[in-house]
Undergrad: 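Below is the structure I would like to discuss, written out as structure tokens.
Here is the naming used below: chain letters follow the sequence lines, and residue numbers restart at 1 for every chain.
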Number of protein chains: 2
Amino acid sequence: MADRLTPRAREIVTAARDLLEESGAAHLTMRTLADRLGIKAPSLYKHFPDKQAVEVELVALLLTETAETLEAAEARAPGSLEALAGAYRDHALAHPHLYRLATERPLPRAALPAGLEDRAALPLLRTCADDMDLARAVWAFAHGMVILEIHGRFPADADLDAAWKRGLAALHA
Amino acid sequence: MADRLTPRAREIVTAARDLLEESGAAHLTMRTLADRLGIKAPSLYKHFPDKQAVEVELVALLLTETAETLEAAEARAPGSLEALAGAYRDHALAHPHLYRLATERPLPRAALPAGLEDRAALPLLRTCADDMDLARAVWAFAHGMVILEIHGRFPADADLDAAWKRGLAALHA
DNA sequence: ACGGTGTGGCTAACAGTGTTAGCCAGGTTC
DNA sequence: GAACCTGGCTAACACTGTTAGCCACACCGT
């Protein structure tokens, strides 16, 4: 992650992330991004081949932070699925636009740092005692809860804490 | 649903659905849609105020079909969460582009036929014996499994049937 | 000191997007 | 027959990602 990008490229990714989190994916355009950096849109292509390449770096950012978040939660409360799930939920809801961008498309695996995807999955896998099927079910549940909440699909008065508890308790047993 | 739309508007929605399922959301543009109908893009605005209004009808379409699918599954095997989940999964995976379009944005509730959202939720709620928290957990799990599979987030060799079984068994108990 | 080269900006332009304004032919209705 | 609605059309606008080509500056080797 250190020398994946030139310093200037990293500045661009940072600006892209700020823009995304402030205004959503629809407002993240090459021109607004360039504006924020005080340059013109075509200049961005001196640092990235296309817009997708910038987005890939944002995906890598979310994946990295998710890994760090889960590792920290696991260190704090080893073996606790609830702690893991809570950390995942909190981080996702704190960065909904970034979470959507990283999640609502096929993973650009070829362009991602090697091992990053696995690293993000490891804490959950460990907490599930290497039961792959269980880990996938928990992952699907957590992602489903988060993304449905982000999109406001649950009724406004729904008790989502209760739904999380219910699901985790069932999957935990 | 009958007189929600003029006959011509319904033709347009049908063409939009075909286009979407064949080529994905990126290729569903006002111009390609008009092309398929043998007219020019601006003429579409005689029938819909904007592109979003067409998309709302596609969302309504998926919601209606989901309701029908779940109702049929429930009639075939009353009380079976597995049957319900299987029907949901099959329908979603048979129409991935439509499922994504209907799912990866806030629900346009105000523009949807009254009661449609509730109708689609009822079979699951009944099968969960009106346990709202459980129903929401199951919904999140099912949506998570489907959308992660659509986006190819699981490893290619993952045994998703097993993950579905594992999750449903846990939530069923 | 000087010429070459690479870095990172720029302007102008293109194709494609949703969308609006304004025109016009044809059928319906008083 | 006159008015009017329906549903097409062309031309155009603002915005998108992206390319081509130009140019200023810093660095580097002789």
Side-chain angles (χ1 to χ4, degrees), chain A residues 2-60 97-98 100-102 104-106 108 110-111, chain B residues 2-60 97-98 100-102 104-106 108 110-111:
Chain A
D3 48 332
R4 249 179 88 69
L5 299 173
T6 68
R8 188 57 169 149
R10 226 163 316 158
E11 286 179 25
I12 293 175
V13 171
T14 301
R17 191 217 169 116
D18 292 346
L19 203 54
L20 173 65
E21 300 215 358
E22 287 167 20
S23 323
H27 291 84
L28 176 58
T29 77
M30 296 303 266
R31 282 175 176 84
T32 60
L33 177 54
D35 271 3
R36 164 160 307 220
L37 290 156
I39 62 177
K40 303 296 175 179
S43 303
L44 294 171
Y45 292 81
K46 294 292 165 110
H47 305 276
F48 292 93
D50 50 31
K51 188 185 181 188
Q52 236 197 11
V54 180
E55 293 174 339
V56 165
E57 294 307 318
L58 294 176
V59 174
H97 294 299
L98 183 59
R100 283 193 56 190
L101 182 82
E104 294 183 339
R105 71 195 64 200
Chain B
D3 48 333
R4 249 178 89 71
L5 300 172
T6 66
R8 188 57 167 151
R10 226 163 315 156
E11 287 178 24
I12 294 175
V13 171
T14 300
R17 193 218 168 116
D18 292 346
L19 205 53
L20 174 65
E21 301 216 357
E22 286 167 21
S23 324
H27 291 84
L28 176 58
T29 76
M30 296 303 265
R31 282 175 176 84
T32 60
L33 177 54
D35 270 4
R36 166 160 306 219
L37 291 155
I39 62 179
K40 303 293 176 181
S43 302
L44 293 171
Y45 292 81
K46 295 294 164 111
H47 305 277
F48 292 92
D50 49 30
K51 189 186 181 187
Q52 235 198 12
V54 180
E55 293 174 339
V56 164
E57 294 307 316
L58 294 177
V59 174
H97 294 300
L98 183 58
R100 285 192 55 189
L101 181 82
E104 293 183 341
R105 71 196 64 202

Undergrad: So R36(A) and E22(A), side chain to side chain contact (heavy atoms under 4.5 Å, CB included) or not? Walk me through it.
TA: CA-CA 12 Å; R36(A) 164 160 307 220; E22(A) 287 167 20; 2.9 Å; yes
Undergrad: Kindly give the heavy-atom pair with the smallest separation between A16(A) and L28(A), and that separation in Å.
TA: O-CD1, 4.0 Å
Undergrad: To the nearest 0.5 Å, tell me how far L44(B) CG sits from K51(B) NZ.
TA: 11.0 Å
Undergrad: Testing the basics here: between K40(B) and A34(B), what is the closest heavy-atom pair and its distance to 0.1 Å?
TA: C-CB, 3.4 Å
Undergrad: How close do F48(B) and V13(B) get, counting heavy atoms only, and between which atoms?
TA: CZ-CG2, 3.7 Å
Undergrad: What's the NZ-C1' distance between K40(A) and dA13(C), to the nearest Å?
TA: 16 Å
Undergrad: Taking it one step at a time, do E21(B) and L98(B) satisfy side chain to side chain contact (heavy atoms under 4.5 Å, CB included)?
TA: CA-CA 6 Å; E21(B) 301 216 357; L98(B) 183 58; 3.6 Å; yes
Undergrad: Can you tell me how far apart NE2 (H47(B)) and CD1 (I39(B)) are? Round to the nearest 0.5 Å.
TA: 5.5 Å
Undergrad: To the nearest Å, how far apart are D35(B) CG and dG18(C) P?
TA: 12 Å
Undergrad: Suppose we screen for side-chain hydrogen bond (donor to acceptor under 3.5 Å, both in side chains). Which residues come up paired with E11(A), at least two apart in sequence or across chains?
TA: R8(A)
Undergrad: Apply side chain to side chain contact (heavy atoms under 4.5 Å, CB included) to R17(A) and L58(A), showing your working.
TA: CA-CA 7 Å; R17(A) 191 217 169 116; L58(A) 294 176; 3.8 Å; yes
Undergrad: Is any side-chain nitrogen or oxygen of H47(B) closer than 4.0 Å to OP1 or OP2 of dG8(D)?
TA: yes
Undergrad: Please list, by residue number, the residues of residues 21-34 of chain B whose heavy atoms come closer than 4.0 Å to an atom of DNA chain D; answer none if no residue qualifies.
TA: R31(B)
Undergrad: What pairs with R31(B) under salt bridge (Lys or Arg N to Asp or Glu O under 4.0 Å), at least two apart in sequence or on another chain?
TA: none
Undergrad: Enter the inter-axis angle for the ends of the helix from dA1(C)-dT30(D) to dC30(C)-dG1(D) (five pairs per end, rounded to 10°).
TA: 10°
Undergrad: Has S43(B) got a side-chain N or O lying under 4.0 Å from the OP1 or OP2 atom of dC9(D)?
TA: yes
Undergrad: Give the nucleotide from the list dG7(D), dT18(D), dG8(C) with an atom nearest to the side chain of A41(A).
TA: dT18(D)
Undergrad: Going 5' to 3' along nucleotides 21-27 of chain C, which nucleotides have protein heavy atoms under 4.0 Å from the base (write B), which only from the sugar-phosphate (write S), and which from neither (write -)?
TA: -------
Undergrad: Which of residues 48-57 of chain A sit near DNA chain C, with a heavy atom under 4.0 Å from it?
TA: none
Undergrad: Using whole Å, what does the distance between atom C1' of nucleotide dG18(C) and atom CG of L44(B) come to?
TA: 11 Å
Undergrad: So does R10(B) get a backbone contact from the side chain of T14(B), meaning a donor-acceptor N/O pair under 3.5 Å?
TA: yes
Undergrad: Quickly work out the Y45(A) OH to dT18(D) P distance and round it to whole Å.
TA: 4 Å
Undergrad: First locate atom CD1 of I12(B), then atom OG1 of T6(B), and finally report the distance between them rounded to the nearest 0.5 Å.
TA: 7.0 Å
Undergrad: Applying side chain to side chain contact (heavy atoms under 4.5 Å, CB included) to T32(B) and H27(B), what does each step give before you reach the verdict?
TA: CA-CA 7 Å; T32(B) 60; H27(B) 291 84; 5.6 Å; no
Undergrad: Could you tell me how far apart R10(B) (CZ) and dG7(D) (P) are, to the nearest whole angstrom?
TA: 13 Å
